[in-house]
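In this chain, residues are counted from 1 in sequence order.
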Amino acid sequence: MKTYNFLKNIAGGIIVCGTLCTTSCTSFDELNTDPTRMDEVNPGTLLNPILYETSVYNWKLYNNYTYDLMQCAVSTSSTNGVGWWYMTDSQGDGTWTTFYKWINNAKEMTRLTEKLPEASKQPNYDAISLTLQSWLYQILTDAFGDVPMSEACSADEGILAPKFDTQQQVYRQIIDNLKTANELFDEANGLIYNQSGEMLYNTSKGDATGIKKWKKFCNSLRLRALLRVIDVPEFNAKQELRTMLTDPATYPVFESNDDAALLAISGTYPQEAPLTRPQDFTSYVQISEFFVDLLKGWNDPRLQVYATQVTLPDQTKDYVGLPSGYQTLPSITASGLNQEMAKAPMKLAMMPYAEVEFIKAELLKKEVIDGGSNAAKEAYQKGVQAAIEQWGQVLPDNYFENPEAAYDDTLERIMNQKFVALFFCDYQQWFEYNRTGFPVLPVGPGIANANNQMPKRFKYPAALQRTNLKNYQAAKQNMGGDDFNIRLMWQPVSYTHLTLPTIRL
């Protein structure tokens with residue numbers, strides 16, 4: 001699967017080869033037909049590679065960046081990495097190039113459907129293409145700010161240096177595209193070109209169930225996008241959210257973990273795990289004290305999934321976290337990461353169901369939507385249960401009797417649980433922290449003494465200055481600079497509950 005790259009030049013090469021081999025010599029044709037290669041490219045052939053490659057890459061994004069940045073894991077080999085909020089200028093380069101690569105392939109699905117005869121049009125592929133593009137574009141704009149969208153991936157049209165769309169334009173297009181996709185989904189039909197079923201929901205020809213789940217994924221993503229811009233004046237996000245959540249027949253969203261966008265991979269070729277060597281997952285890294293204490297305070301069964309126990313001096317076993325942001329490595333025996341998390345079979349999170357329930361809980365708590373006196377509490381509890389069960393654990397009967405885990409009508413309690421629910425979900429913990437300031441993260445002495453601060457975005461790749469300088473400069477001017485501390489449109493000026501060190505100049 002990792003070798004899949006169905007770009008247009010490959011498709012063209014297949015067509016050319018097929019033309020050259022068209023002769024009257026049937027036996028010669030048979031001898032020169034490679035049974036392991038496709039003889040045509042259609043929208044269905046592009047879908048699984050996009051799903052697999054993007055999900056694997058996003059798992060790596062979390063493991064290599066978000067894990068340490070959000071103080072869940074702590075490196076033992078260095079004190080100048082992202083766990084100490086030190087950023088390199090090239091930190092986001094891989095995200096930029098990889099996401100645009102797969103956005104291009106998602107757009108190719110639509111280009112291929114456009115070439116079909118009118119009677120053979122497949123609107124479900126168009127809807128899925130818009131859903132996947134919106135998913136990837138939102139991560140891109142939340143990570144960088146202004147990004148190319150309207151002219152992106154348009155080399156065939158002669159656009160080699162695309163303009164940057166503003167964050168407002170990108171978000172408006174994402175929200176509109178997801179609404180269009182919702183209207184395009186045809187539940188009476190499945191995915192005609194995926195006879196064996198696609199990887200996410202196993203949707204095949206005539207499969208209405210799979211299309212319903214794709215439609216729920218589309219609308220759940222729209223909830224995520226609208227919540228992100230809920231306080232941005234240019235958007236009427238509150239009304240849009242009310243419209244969606246009061247009309248589930250038109251705008252169905254995730255209702256269970258069975259609906260969630262969790263890509264199951266077997267671990268056998270071609271569905272290999274993100275890491276070739278699971279031992280690399282646990283090398284020179286421990287689970288953080290902050291993360292362990294949070295889960296221990298809840299008596300949460302997920303802790304045994306995420307970490308290993310250590311033997312204490314009294315010979316009992318327990319979970320012990322390493323303080324994050326340390327200046328000098330503490331002389332303690334801390335719990336390691338559970339290597340089983342890096343082994344397949346496994347599920348790679350594109351968007352968990354629990355996130356939808358926490359979105360509802362926040363909107364109910366803020367009275368954006370009306371659901372009754374206990375509605376926010378119920379949504380919160382559903383989110384917690386879903387997040388625990390997603391990892392194969394059972395919600396303890398007395399879980400919500402614990403004052404530290406019970407719903408207390410605060411945004412902090414909702415966001416702390418949402419934080420854990422977004423475990424191993426690309427950059428979402430980072431984005432939600434930059435939106436709300438929760439959870440309140442520890443600022444270790446190694447961070448404070450360096451005057452580092454949580455980054456708000458990535459810098460643009462240096463290659464843009466060589467290949468698209470004019471549009472890069474326009475974006476830089478519009479953004480107010482190209483630094484890690486440039487505030488994005490949905491990020492508040494400050495958080496009243498936080499006191500952070502000043503930005504290192």
Side-chain angles (χ1 to χ4, degrees), residues 1-8 10-11 13-15 17-18 30 33-59 101-102 104-117 119-133 135-136 181 184-218 254 256-274 344-351:
M1 187 68 70
K2 291 182 180 179
T3 60
Y4 286 165
N5 187 7
F6 298 106
L7 298 175
K8 296 186 70 177
I10 294 179
I14 293 170
I15 295 170
C17 289
E30 292 173 352
T33 299
D34 185 346
T36 67
R37 290 180 175 269
M38 298 181 300
D39 57 4
E40 65 178 60
V41 177
N42 59 57
T45 60
L46 295 167
L47 182 52
N48 279 346
I50 296 170
L51 290 171
Y52 174 80
E53 295 290 353
T54 53
S55 297
V56 165
Y57 185 76
N58 284 355
W59 188 95
K101 169 185 174 181
W102 293 106
N104 185 58
N105 280 21
K107 290 184 71 173
E108 184 66 11
M109 291 174 63
T110 298
R111 296 185 188 111
L112 290 170
T113 59
E114 289 173 350
K115 296 177 182 178
L116 295 170
S120 303
K121 294 294 185 185
Q122 298 294 321
N124 284 331
Y125 285 104
D126 290 334
I128 288 174
S129 172
L130 286 174
T131 299
L132 292 175
Q133 288 182 61
W135 170 55
L136 295 173
L184 282 173
F185 279 112
D186 179 8
E187 295 179 19
N189 293 288
L191 297 175
I192 190 172
Y193 295 114
N194 294 87
Q195 297 293 330
S196 300
E198 42 78 28
M199 287 184 67
L200 183 57
Y201 295 122
N202 198 33
T203 317
S204 57
K205 181 180 180 181
D207 181 5
T209 300
I211 293 301
K212 287 179 181 178
K213 290 181 179 181
W214 270 106
K215 192 171 185 176
K216 289 180 178 181
F217 180 29
C218 165
F254 294 155
S256 70
N257 280 332
D258 189 51
D259 293 334
L262 305 173
L263 192 77
I265 59 172
S266 66
T268 58
Y269 181 84
Q271 295 181 19
E272 296 171 328
M346 62 198 301
K347 292 183 178 180
L348 309 178
M350 299 169 70
M351 184 178 185

Notebook entry, point to check: Side chains of Gln271 and Met199: does their closest heavy-atom pair fall under 4.5 Å?
Noted result: yes
Next item on the list: Over all heavy atoms of both residues, which pair between Ala106 and Ser129 is shortest? Give the atoms and the distance, please.
Entry: O-OG, 2.6 Å
Checklist line | Sole residue of Ser55, Pro345, Pro274 in side chain to side chain contact (heavy atoms under 4.5 Å, CB included) with Ile265 | finding: Pro274
Notebook entry, point to check: Under 3.5 Å, is there a donor-acceptor pair linking the side chains of Glu198 and Thr203?
Noted result: yes
Next item on the list: Kindly compute the distance separating CG (Leu46) from OH (Tyr125), expressed to the nearest 0.5 Å.
Entry: 10.0 Å
Margin query: Contact between Leu132 and Ile50 at the side-chain level, heavy atoms closer than 4.5 Å - yes or no?
Written below: yes
Check: Just wondering, are more than 12 heavy atoms of other shown residues or ligands nearer than 6.0 Å to NZ in Lys107?
Finding: yes
Notebook entry, point to check: Do the side chains of Asp207 and Lys212 get nearer than 4.5 Å, heavy atoms only?
Noted result: no
Notebook entry, point to check: Got a second to check how far Asn104's CG is from Gln133's CD, nearest 0.5 Å?
Noted result: 9.0 Å
Margin query: Using side-chain heavy atoms (C-beta onward) and a distance below 4.5 Å, is Leu191 in contact with Ile211?
Written below: yes
Margin query: Within the structure provided, determine whether Leu130 and Thr110 are in side-chain contact (heavy-atom separation under 4.5 Å).
Written below: no
Next item on the list: Locate the shortest heavy-atom distance separating Thr45 from Pro49; write the atom from each residue and the value.
Entry: O-CD, 3.3 Å
Notebook entry, point to check: Are the charged groups of Arg111 and Glu114 less than 4.0 angstrom apart, N to O?
Noted result: no
Next item on the list: Identify the two heavy atoms, one from Phe185 and one from Cys218, that lie closest to each other, and give their separation to 0.1 Å.
Entry: CE1-CB, 3.8 Å
Next item on the list: Identify the heavy atoms of Val41 and Leu112 that sit nearest to each other, and give their distance.
Entry: CG1-CD1, 3.9 Å
Note to self: Quick check: closest heavy atoms across Met351 and Phe254, and the distance to 0.1 Å?
What the structure shows: O-CE1, 3.5 Å
Next item on the list: Check step by step if side-chain contact (heavy atoms from CB on, under 4.5 Å) holds for Ile128 and Leu47.
Entry: CA-CA 9 Å; Ile128 288 174; Leu47 182 52; 3.8 Å; yes
Note to self: Please enumerate all residues that pass salt bridge (charged side-chain N to carboxylate O under 4.0 Å, His left out) together with Lys215, with sequence neighbours excluded.
What the structure shows: Glu187
Next item on the list: Would you sort out whether Thr113 and Asp126 count as a side-chain hydrogen bond (donor to acceptor under 3.5 Å, both in side chains), showing the intermediate values?
Entry: CA-CA 7 Å; Thr113 59; Asp126 290 334; 2.6 Å; yes
Notebook entry, point to check: Can you name the residues that form a side chain to side chain contact (heavy atoms under 4.5 Å, CB included) with Asn189, not counting sequence neighbours?
Noted result: Asn124, Asp186
Notebook entry, point to check: Is there a side-chain contact (heavy atoms from CB on, under 4.5 Å) between Trp135 and Thr54 once you walk through the steps?
Noted result: CA-CA 11 Å; Trp135 170 55; Thr54 53; 3.5 Å; yes
Margin query: I want to check something: taking the side chain as every heavy atom from C-beta on, are Lys205 and Tyr193 in contact at a cut-off of under 4.5 Å?
Written below: no
Item checked: Residues forming a salt bridge (charged side-chain N to carboxylate O under 4.0 Å, His left out) with Lys213, sequence neighbours excluded -> Asp258
Next item on the list: Report the relative orientation of the aromatic rings in Phe217 and Tyr201; use parallel for angles under 30°, tilted for 30 to 60°, perpendicular for over 60°.
Entry: perpendicular
Item checked: Under 3.5 Å donor-acceptor, Asn42 side chain and Gly44 backbone -> yes
Notebook entry, point to check: Looking at Tyr52 and Glu272, what are the two nearest heavy atoms and their distance?
Noted result: OH-O, 2.6 Å
